[in-house]
Amino acid sequence: MTVERQADFEEDISRVKRVKVEQNGYSKTDPANNPYLAHWADDPHTPESQAHRLYSFQRHATTAKAARAAEDGPINPFTGRTLTGKYMSILHKRRDLPVHAQRDEFLKLYQESQILVFVGETGSGKTTQIPQFVLYDDLPHLNKKLVACTQPRRVAAMSVAQRVAEEMDVQLGEEVGYSIRFEDKTGPKTMLKYMTDGMLLREAMHDNNLTRYSTIILDEAHERTLATDILMGLLKEVVLRRKDLKLIIMSATLDATKFQKYFHDAPLLAVPGRTHPVEIFYTPEPERDYLEAAIRTVLQIHTSEPEGDILLFLTGEEEIEDACRKIRMETEEAISDGIAGPIMVYPLYGTLPPQQQQRIFQPAPPAAKPGGRPGRKCIVSTNIAETSLTIDGIVYVVDPGFSKQKVYNPRIRVESLLVSPISKASAQQRAGRAGRTRPGKCFRLYTEETFKTQLIAQTYPEVLRSNLANTVLELKKLGIDDLVHFDLMDPPAPETLMRALEELNYLACLDDEGELTQLGQLASEFPLDPALAVMLISSPEFYCSNEILSLTALLSVPQIFVSPTNKRKQANEMKDLFAHPDGDHLTMLNVYHAFKNQPAGDQKQWCHDHFLSYRALTHADDVRLQLRRIMEAREIEFVSTKHGDKNYYENIQRALVAGFFMQVAKKDGSGKNYVTVKDDQTVILHPSTVLAVDAEWVVYNEFVLTSKNFIRTVTVVKPEWLLDIAPMYYDLDTFKKGEVKAALQRCQNKINRNMAGKKAATRY
Amino acid sequence: MSQSEEEDDYMSMVFDDAPKAGKETSLQRRARMQKEGEAKARAKTRAEKEAETEAAREAGLATALDSSSKGFKMMAKFGFRQGDTLGKAEDARKEPIHLSMKDDRSGLGLESERKRKLRELVEEAEKEVKRSKIEQVDYRERVRQENEEKRLGVELYNAQKTAERLVEEDDQSAREGQEWTPTSEYKSRQTISGKRSLQSINILWRRLVRNRLEKERDRKRRQHFNDSLSSTLPTYISADEDEDADDKLALGHDVTAIEDDLEDLSDEDLELEEFEAQPLAERLQKVVVYLREAHHYCFWCKYRYSSATLDGCPGITEKDHD
């Protein structure tokens, strides 16, 4: 297990350990170590402590030698406390990391240039060490500034911060902290802040020049997340305005010239990782069935290759579980025949509970008998194992060449996960996983010709595969007016921006001139998609802001319903307990209310019994709290309709329409399928729906593309609500002739007649 | 409905047409309604539905958002025009990334391999269609030409036969003075159609002779095959040393015996190919001229004149004889 990831997955354990150290290591009577008496020792500006606290260092003139001396202690230069033995042993290991060999080079370039591109392959130690190198030279605490290091993933931000806090012998949340959506673990002393790229972007919305920071490190830039790309575009402008701000772009891939070119030919420093050669094998012919081929390959490796663990890349949960089962089954025979050693097969995917994810770090099983065939472990993973986590001991990689990738198409407005061929860069990254411990082998289940001619060079950055409505709102808030010429590294198709602007206009977040409206200003305060934000903001008008707040939180977390393959029937029965005939949104709300009615101690068991995800529900609870705070700050009222009121659910449904009127489908002539409004796409209800009424019109949360077009999480609505709540979007002149328009026209006529009738009635 | 004669003509025209459309009888109408209803009510098969869904999706994906979009107008404010790209990068995208659905487990590259094969087939078919389309345009012309070719072919054959016949007749009359023996007759036949090299035959009717010889050879081969004792399957046992020539012939090991006197046939005849590359009409013309000059024979009059000037023949071409 690598140092980096150990922290990630043993976070809880290490936390426990650290508490123990504190309890044993310090005298409890010493007030300096009593956290409640911290203020006693709060004024360290005596000359002695200044010497220890790097006051003798000159900013941007630190040498590696001087920094190393300061690191050696015995006093922690940042806290003034004596360094522990644990610190020393970690320091010893840190000095072995490849980046330490080039510390002088790094410091020289960092000092000379405002922008630096740093390339460090996985295992070079860049994520944990470079920010510390920067601390010793940038000395942010002396200027009341911070160093920020962004990460694409929440888990990485948390675990790396934890690790670095240990390396620096400080308490997490003090000198070193992290900030992720819905969680901020930083304090007034914080000088190094790990954060998700999305969080830095949100901070920039309120502080366009990011004045709090003296150095910003964009880590894992090669992953090209939406937020990183936007940040790069933004920072490219900020560095011109703020000459004192330093910027480091860190990438794990060698093709960093693109970053260099984008940042006006910034200097580049590359540190090699610790990798061994990997032999690559291709199949002579394309495979008929990649899953079957993958399993066959795993079996072949297991029975004929020397010791070493196997990593197989597949696309999704179901496929991975299926493959694990088959591999276990198929190897059983070989094992009992004695032609193969024992094998442990572990699945790995994002939605797997953390304790199960941790199992992949268990060592391979030993040989059945001494001197017998070696045992090994086989990990079947999504592309999480491609970059974001490192499993030592992997010698064989099996790569069918596919992964699930998010795609967005502005023409039919579908944002979905689709199984797609990987890129060349991705294939290389996968192969590299086999050479972490010793020379390895990578089995590609496609031909060399296919690799050369059909795979794209780099995976498309997220900005090309996303709905940009949220981004546009953020950019507007960042003070960028001219979105057309905003200098993105890879600008998306113009239609993507067109659609985003149009959607925001219908949501009344942008006016016809493209200027942020008051509603838009407010919506941008929420870390939510604009449709959700607008729904939440307008919910008091429908007397149900408490309920919509819960619903918004529920829609912002992963699936709350658990449906294990082998217990699907029971799971469905349990789900039916909460089912509201009008649809899934209302059902989710019922679940949440029932969950909140359980005594806190029983919630976990209750969730387990009812096939609900305790993690997702508690997370939703957190999110709800965070959103509630924002609402309070913006003085949005909290109101509810009385539960017994006949309009209780209808009000919620109407509030749903206020946000999701662009995600509506109408039943088509056949009476089975639905057609999406305006885009005319034939869709069917996702089989997971509980909708029990004959719904002519539904609002949906997601348009999912698989082999079929599905709409997921649906609730019935009435056409008169559409016409009433979103008259701009439901302007009948903008509709193509067809069933949808005709139905809306009938509804409009009915309303007009009623109105006329009422008028007539009042006249007499 | 009562339109007076004085009113606009076009109005009355419109009304004239209307009743025609409504001439459907009530029975017909009911039948039509029922048919339409049935078509509507018939549950579409799954495949049909899926195809429709996909068609709608493809249609949606193929339809670009245009300047009617509200978003476009906001972008236009910053100088965006149709066809522009965003940002400052030179190689910015113009089109959204293509969506490709994958719903099976075919390996990477298999689909494109299939597609490539399919594409080749489609291209072939398209070419075929294109060709036939071009041809369709002048279908009549083509038919006319084909008939003409056929006719010319027949005429050429006749002319060639005539030429061969005349040469033979002339040869015979030249030998008339000599002693006539069946052998010599046989021999002379041989010289023309057999042993004598094909190359020595006049190019104008060499094809005729060649075809005849080929036919003969095929016939012989067939006969030989039927007569032969052995099976035609190849054997890996080397031929028996003791076989004499007859055995060989009988066993079919001595095919050279037949091929021998026809060796010319297997050779390529460049001269003949060159001659046949000329259009039929031209070839016919050449034979006709030859007949006139060498034999004073007009192919069109079907008459052998006595004088070299062919007195009485209306002319050299077929047209002259109309």
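The sequence lines fix the lettering, A, B, ..., with proteins before strands; numbering per chain opens at 1. Scope of the values below: all heavy atoms of this structure, side chains included, with no hydrogens, waters or symmetry mates.
- Within 6.0 Å of CZ in B:Arg30 there are 12 or fewer heavy atoms belonging to other residues, nucleotides or ligands.
- Of all heavy-atom pairs between B:Met75 and A:Pro494, the closest is CE-O, 3.8 Å.
- Between the CD1 atom of B:Ile97 and the CG atom of A:Leu464 there is a distance of 4.5 Å, given to the nearest 0.5 Å.
- In terms of modelled atom types and a separation under 3.5 Å, the side chain of A:Arg411 and the main chain of B:Leu61 share a donor-acceptor contact.
- The contact between A:Gln454 and chain B is made entirely by side chain atoms (from C-beta outward), counting heavy-atom distances below 4.5 Å.
- Comparing A:Thr734, A:Leu445, A:Asp490, A:Asn709 by heavy-atom pairs within less than 4.5 Å of chain B, the highest count is held by A:Asn709.
- Other residues, nucleotides and ligands place no more than 12 heavy atoms under 6.0 Å from the CD atom of A:Glu318.
- If you measure heavy-atom distances from A:Tyr506 to chain B, the contacts under 4.5 Å come from the side chain alone.
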- Candidate pair A:Phe402 and B:Leu108, rule side-chain contact (heavy atoms from CB on, under 4.5 Å), full reasoning: CA-CA 8 Å; A:Phe402 291 108; B:Leu108 186 58; 4.0 Å; yes

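- The two residues A:Glu495 and B:Thr63 come nearest to each other via the heavy atoms OE1-O, 4.5 Å.
- Taking B:Ala64, B:Ser112, B:Ala62 one by one and counting their heavy-atom pairs under 4.5 Å with chain A, the maximum is reached by B:Ala64.
- The existence of a salt bridge linking A:Glu515 and B:Lys77 is confirmed by a sub-4.0 Å separation between a basic side-chain nitrogen and an acidic carboxylate oxygen.
- Residue pairs meeting the ring-ring contact (aromatic ring centres under 6.0 Å, His included) criterion with at least one member in residues 73-130 of chain B, sequence neighbours excluded, are B:Phe72-B:Phe80.
- Between A:Asp322 and B:Arg105, at least one side-chain nitrogen of the basic residue sits less than 4.0 Å from a carboxylate oxygen of the acidic one, meeting the salt-bridge criterion.
- For chain A, the option among B:Ala92, B:Ser100, B:Gly60, B:Ala59 with the highest count of heavy-atom pairs below 4.5 Å is B:Gly60.
- The greatest number of non-hydrogen atom pairs below 4.5 Å with chain B, out of A:Asp487, A:Thr450, A:Ile684, is found for A:Asp487.
- Note: A:Met498 CE to B:Ser69 OG = 6.0 Å, rounded to the nearest 0.5 Å.
- Ranked by heavy-atom pairs under 4.5 Å with chain B, the first of A:Leu705, A:Val407, A:Leu510 is A:Leu705.
- Looking at A:Thr682, both its backbone and its side chain come within 4.5 Å of chain B, counting heavy atoms on both sides.
- In this structure, the portion of A:Asp680 lying under 4.5 Å from any heavy atom of chain B is its backbone and not its side chain.
- Of the atoms belonging to A:Asp511, it is backbone heavy atoms, and not side-chain ones, that fall under 4.5 Å from chain B.
- Residue A:Ile412 comes nearest to B:Arg57 through the heavy atom pair CD1-CG, 3.9 Å, listed as atom of the first residue, atom of the second, then distance.
- For B:Arg81, the CZ atom sits in a loose shell: 12 or fewer heavy atoms of surrounding residues, nucleotides or ligands are nearer than 6.0 Å.
- The residue among B:Glu54, B:Glu50, B:Arg93 with the most heavy atom pairs within less than 4.5 Å of chain A is B:Arg93.
- Of the inter-residue distances, the one linking A:His485 atom NE2 with B:Asp84 atom CG reads 7.0 Å to the nearest 0.5 angstrom.
- Proximity to chain B (any heavy atom under 4.5 Å) is shown, for A:Asp679, by neither the backbone nor the side chain.
- Across all their heavy atoms, A:Pro492 and B:Leu86 have their closest contact at O-CD1, 3.5 Å.
- Across all their heavy atoms, B:Leu65 and A:Pro410 have their closest contact at CD1-O, 4.3 Å.
- Residues passing the side-chain hydrogen bond (donor to acceptor under 3.5 Å, both in side chains) test with A:Glu287 are A:Arg296, sequence neighbours excluded.
- With a 6.0 Å radius and a threshold of 12 heavy atoms from other residues, nucleotides or ligands, B:Glu124 has its CD atom at or below the threshold.
- Annotation for A:Met489 and B:Ala89: closest pair O-CB, 4.0 Å, computed over non-hydrogen atoms.
- No more than 12 heavy atoms of other residues, nucleotides or ligands lie within 6.0 Å of CD in A:Glu285, so this atom counts as exposed by the packing criterion.
- Within the 4.5 angstrom heavy-atom criterion, only side-chain atoms of A:Asn673, from C-beta onward, approach chain B.
- Both the backbone and the side chain of A:Arg499 have a heavy atom closer than 4.5 Å to some heavy atom of chain B.
- Heavy atoms closer than 4.5 Å to chain A are found in both the backbone and the side chain of B:Ser106.
- Options A:Asp481, A:Thr496, A:Leu488 differ in how many heavy-atom pairs under 4.5 Å they form with chain B, and the most are formed by A:Asp481.
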- Message: Let's go through A:Leu418 and B:Met101 carefully: what are the C-alpha distance in whole Å and the side-chain angles of both, what is the deciding distance for side-chain contact (heavy atoms from CB on, under 4.5 Å) to 0.1 Å, and is it a yes or a no?
- Response: CA-CA 7 Å; A:Leu418 284 184; B:Met101 242 57 69; 3.9 Å; yes

- Query: Do A:Met728 and B:Lys70 pass the side-chain contact (heavy atoms from CB on, under 4.5 Å) test, and can you show the C-alpha distance, the side-chain angles, and the key distance before you say yes or no?
  - Reply: CA-CA 12 Å; A:Met728 287 270 282; B:Lys70 283 182 159 193; 3.2 Å; yes

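- With a 4.5 angstrom heavy-atom cutoff, A:Val683 does not touch chain B via any of its atoms.
- In the displayed structure, B:Glu120 atom CD is contacted under 6.0 Å by more than 12 heavy atoms of other residues, nucleotides or ligands.
- Interface remark: A:Leu455 contributes side-chain atoms only to the contact with chain B (heavy atom separation under 4.5 Å).
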